[in-house]
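Here the structure is a predicted model, which means the values were calculated and not measured. Numbers restart at 1 for each chain; the letters A, B, ... are given by sequence-line order, proteins then strands.
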Amino acid sequence: MDNIAGSKSSLGWAVNISVVLLVALWVFPTFGLLVSSFRTADQISGSGWWAALFPSEQTERYRVADPDDNRIERDGLFVVEGNLFEEGTAVGEIQSWGTSSRDVSAYQAGETADLGDGETFTVDSDGNYVWSGNDEQISGRGQRAFVTAISPPEFTVRNYDNILFSGGPGDNMAKAFFNTLTVTIPATIIPIVVAAFAAYALAWMDFPGRALLIAAVVGLLVVPLQLALIPLLKLHVDIGIGKGYLGAWLAHTGFGLPLAIYLLRNYMVGLPRDIIENAKVDGATDFQIFTKIILPLSFPALASFAIFQFLWTWNDLLVAKVFLIDATGQTTVMTDQIVNLLGTRGGNWEILATAAFVSIAVPLCVFFAMQKYLVRGLLAGSVK
Amino acid sequence: MNPAFQGLITIIIGVGGCIAYFYLSNQFLDKVLYPAKGPKAGQNINKANMIRPWLFLFPAMFALGLYLAYPVFETLRLSLTDRDQGGAFVGLANYNQMFGEPKFWEALRNNLLWLIVVPAASTAFGLLAAQLTDRIKWGSVAKSLIFMPMAISFVGAGVIFKLVYETRPADQNQIGILNAVWLNFDGGIGSFLMLQLLPTIILLCFAGIVAYVGWIFVRPIAESRQNGGGAGFVPLRLFVGAGALYLVYLSISSLIGVFTFDYPYGEPQTWLTIPFWNSFLLMVVLIWIQTGFAMVILSAALRGIPEETIEAAIVDGANPFQVFFKIKVPQIMGTIVVVWTTITITVLKVFDIVFAMTNGQWETQVLANYMFDKLFRANDWGVGSAAAIVIMIMVSPILIWNVHNARKEMK
């Protein structure tokens with residue numbers, strides 16, 4: 001469309017704004033979770049994640065050190081000096097302060113307040129204070145100070161440390177992470193091998209019933225997983241596999257096959273006929289043609305399917321719940337653990353957000369690294 | 001044994017076993033069974049070539065048959081038996097029991113709602129995003145950001161949106177963005193625009209589109225009356241027409257609701273517990289995920305439109321909207337249907353989102369989750385199977401349509 005005069009300039013800015021809005025709408029929810037995963041529990045429940053991106057204003061009450069212990073005499077006056085913040089707990093740069101809860105920002109940082117009869121109180125922007133007055137004034141309880149400070153956005157990686165390394169058994173996702181990986185890798189590789197051979201036969205070998213088989217594969221493409229659950233669970237229990245990794249691998253292989261065969265066959269059919277016929281004339285067997293010519297040429301389709309299957313097995317909950325996770329819970333995968341956390345830690349967003357992000361991170365990396373193949377696969381895989 | 005180690009062995013055994021099977025079976029065929037030498041060499045080669053395809057196909061066909069084809073029939077059989085009576089044949093008793101449960105009808109009703117809303121909204125947003133991003137410089141970046149949710153699991157998306165819908169008591173800061181936005185509405189002009197005018201426009205657009213689609217289906221009947229010719233699929237056409245009429249009635253009647261409803265301004269809402277509307281909030285999650293898919297496919301289709309047709313329309317004085325709706329959309333109608341049906345199938349199988357976010361409480365039940373409930377909580381395999389069969393029945397028109405198209409394409 002870009003080359004058509006007039007259509008671009010007139011609506012250009014409106015299009016740009018609309019796309020910005022659309023993208024913002026789509027990215028916002030994920031971004032919110034990402035930001036939340038870097039905040040402490042108090043921060044998350046104290047304010048919305050969007051507030052974390054900007055410096056925040058906080059007003060807190062402090063009391064200076066006990067005058068009876070800390071006062072020193074200087075030039076005939078008693079003085080208490082120190083810092084309002086305890087070591088390492090500074091909330092940020094102080095903007096304004098006050099001595100009464102009715103007017104918490106009566107003075108700017110660095111100003112000196114006159115408390116009457118020569119009693120003075122000074123707070124600077126770092127929290128250092130000087131309180132001076134006569135013997136009677138500088139005694140009893142310490143002077144109160146209400147401080148309004150601007151604290152810069154503050155983030156922590158403690159949640160990730162908790163989820164990945166040090167957390168309790170319910171929160172720690174390290175085991176579930178490796179379980180997910182254990183399910184995913186064989187469940188991605190094995191269907192590719194099985195499907196590639198079948199796809200070659202359906203694309204380049206002539207035999208009666210080929211069209212029917214292709215139609216069957218297209219049909220099986222949409223058969224809902226739900227139908228397979230009970231019969232296969234029964235089968236697995238009957239033949240002694242039970243619930244476990246082997247069952248999950250087999251199930252993922254079976255459920256991934258129709259798409260694998262369909263994608264690979266569509267791709268292989270498009271390969272140039274000459275190459276294959278030349279090879280046949282030169283005396284290559286089908287097995288050689290397949291491994292030496294077809295397989296290397298089909299790499300883009302293989303990559304497309306591998307990404308699909310990887311995303312699907314990594315993100316899967318249903319197959320894992322039915323075929324993998326037994327009563328001991330030793331083989332739990334990340335999606336399942338997150339669902340459990342939603343139940344037990346419903347309000348603890350620092351845990352939920354971090355756990356969810358740990359499980360989302362790997363597919364997102366794969367997605368951004370191999371987007372090209374994913375798009376190609378989608379275009380070839382949607383039934384035309 | 002360490003599962004990771006076990007996995008490694010499985011990969012080696014699985015991949016090695018497959019390759020060994022293919023290699024050895026081919027060798028066996030060529031060297032032992034029908035050797036390509038001796039007096040019958042030619043005949044043997046022909047025979048070997050007839051068997052070879054099945055060697056290539058066997059593992060895949062076996063797995064497909066066992067993991068997808070067999071379960072369809074086995075589930076059908078199980079839905080007619082009762083597990084408690086040792087698998088005795090009970091006829092349609094499971095279906096009767098299921099039809100008697102309000103939860104089932106709730107799930108079916110919600111599923112139908114999902115079926116209408118999610119594919120429609122995803123396709124519409126996808127089309128919009130495809131059309132808009134194709135026209136700007138940073139379009140590919142925008143596309144990959146909108147496409148990104150495809151990589152996120154339904155469970156992960158569930159967590160993401162639970163944070164969006166999170167509720168805090170009225171006297172605390174809201175941390176869910178929806179409530180934070182909601183509390184900004186106070187009944188003034190902004191609220192009128194967003195909560196009354198916008199829904200009105202959406203509902204009217206929806207009613208208009210549905211009426212138009214219904215009319216497309218019904219029109220051939222009216223025309224065939226006049227011409228005396230026959231229109232095919234009359235019952236189907238009437239059915240679609242009646243459905244469209246019902247949807248138009250629904251949207252018009254909810255228009256009244258939009259204006260009479262008394263919005264609880266200023267009170268934070270627990271969104272996921274509001275019956276009926278909470279289903280829509282769950283649908284948002286799936287729409288959010290599927291829009292990227294629709295966008296990618298439709299954007300490729302839009303780029304495939306011949307440039308001349310668009311240029312001709314512009315020369316004739318068509319404005320951008322006319323170009324889009326009258327030139328582009330009709331030409332990619334086939335792709336739109338494909339996207340629509342693909343998302344429809346995803347919707348029918350949707351389980352994780354509901355399971356993770358509400359688990360079917362507050363009237364958000366859907367069939368897939370209902371089935372899971374029956375299977376693993378009530379341990380009732382008969383009714384669970386019956387529910388699975390209902391899902392299968394709902395999928396089967398698309399299945400037949402896809403197979404039909406695939407066969408047409410091969411010829």
Residue [X] versus chain A: region with a heavy atom under 4.5 Å:
X         : result
Ile305(B) : neither
Gln27(B)  : neither
Leu367(B) : neither
Pro59(B)  : both
Tyr70(B)  : side chain
Leu348(B) : neither
Val159(B) : both
Met61(B)  : side chain
Met148(B) : both
Leu78(B)  : side chain

Item to complete: Evaluate the criterion ring-ring contact (aromatic ring centres under 6.0 Å, His included) for residue pair Trp288(B) and Phe28(A); output intermediate values, then yes/no.
Response: CA-CA 11 Å; Trp288(B) 181 71; Phe28(A) 240 53; over 10 Å; no
Item to complete: Assign the ring pair Trp54(B) / Phe207(A) to parallel, tilted or perpendicular, where the plane angle (0 to 90°) is split at 30° and 60°.
Response: perpendicular
Discussion item. Can you tell me how far apart CD1 (Ile17(A)) and CG (Leu132(B)) are? Round to the nearest 0.5 Å.
Written reply: 12.0 Å
Practice prompt. Any chance you could measure Thr253(A), atom OG1, to Leu64(B), atom CG, to the nearest 0.5 Å?
Written response: 11.0 Å
Worksheet item: Can you check whether Ala151(B)'s main-chain N or O pairs, donor with acceptor, with Asn315(A)'s side chain at less than 3.5 Å?
Response: yes
Fill in: Under 3.5 Å donor-acceptor, Thr335(A) side chain and Val155(B) backbone
no
Discussion item. Checking Glu74(B) against Lys234(A) for the side chain to side chain contact (heavy atoms under 4.5 Å, CB included) test, could you report, in this order, the C-alpha distance in whole Å, the side-chain angles of both residues, the deciding distance, and whether it holds?
Written reply: CA-CA 10 Å; Glu74(B) 177 69 3; Lys234(A) 264 176 73 170; 3.8 Å; yes
Discussion item. Show, in sequence, the C-alpha distance, side-chain angles and deciding distance for Val19(A) and Trp138(B), and conclude whether the side chain to side chain contact (heavy atoms under 4.5 Å, CB included) test is met.
Written reply: CA-CA 10 Å; Val19(A) 176; Trp138(B) 53 288; 3.5 Å; yes
Worksheet item: Can you find a pair of side-chain heavy atoms, one from Leu163(B) and one from Ser36(A), that are under 4.5 Å apart?
Response: yes
Worksheet item: Does any heavy atom of chain B fall under 4.5 Å from the side chain of Phe310(A), the backbone, both, or neither of them?
Response: neither
Worksheet item: Taking the six-membered ring for Trp, is the centroid-to-centroid distance between Phe287(A) and Phe22(B) below 6.0 Å?
Response: no
Worksheet item: Which one of Leu232(A), Leu233(A), Ile230(A), Leu229(A) satisfies the side chain to side chain contact (heavy atoms under 4.5 Å, CB included) criterion with Pro71(B)?
Response: Leu232(A)
Item to complete: Start with the C-alpha distance between Leu212(A) and Arg407(B), add both sets of side-chain angles, then the distance that settles side chain to side chain contact (heavy atoms under 4.5 Å, CB included), and finish with yes or no.
Response: CA-CA 9 Å; Leu212(A) 203 69; Arg407(B) 298 210 66 164; 3.9 Å; yes
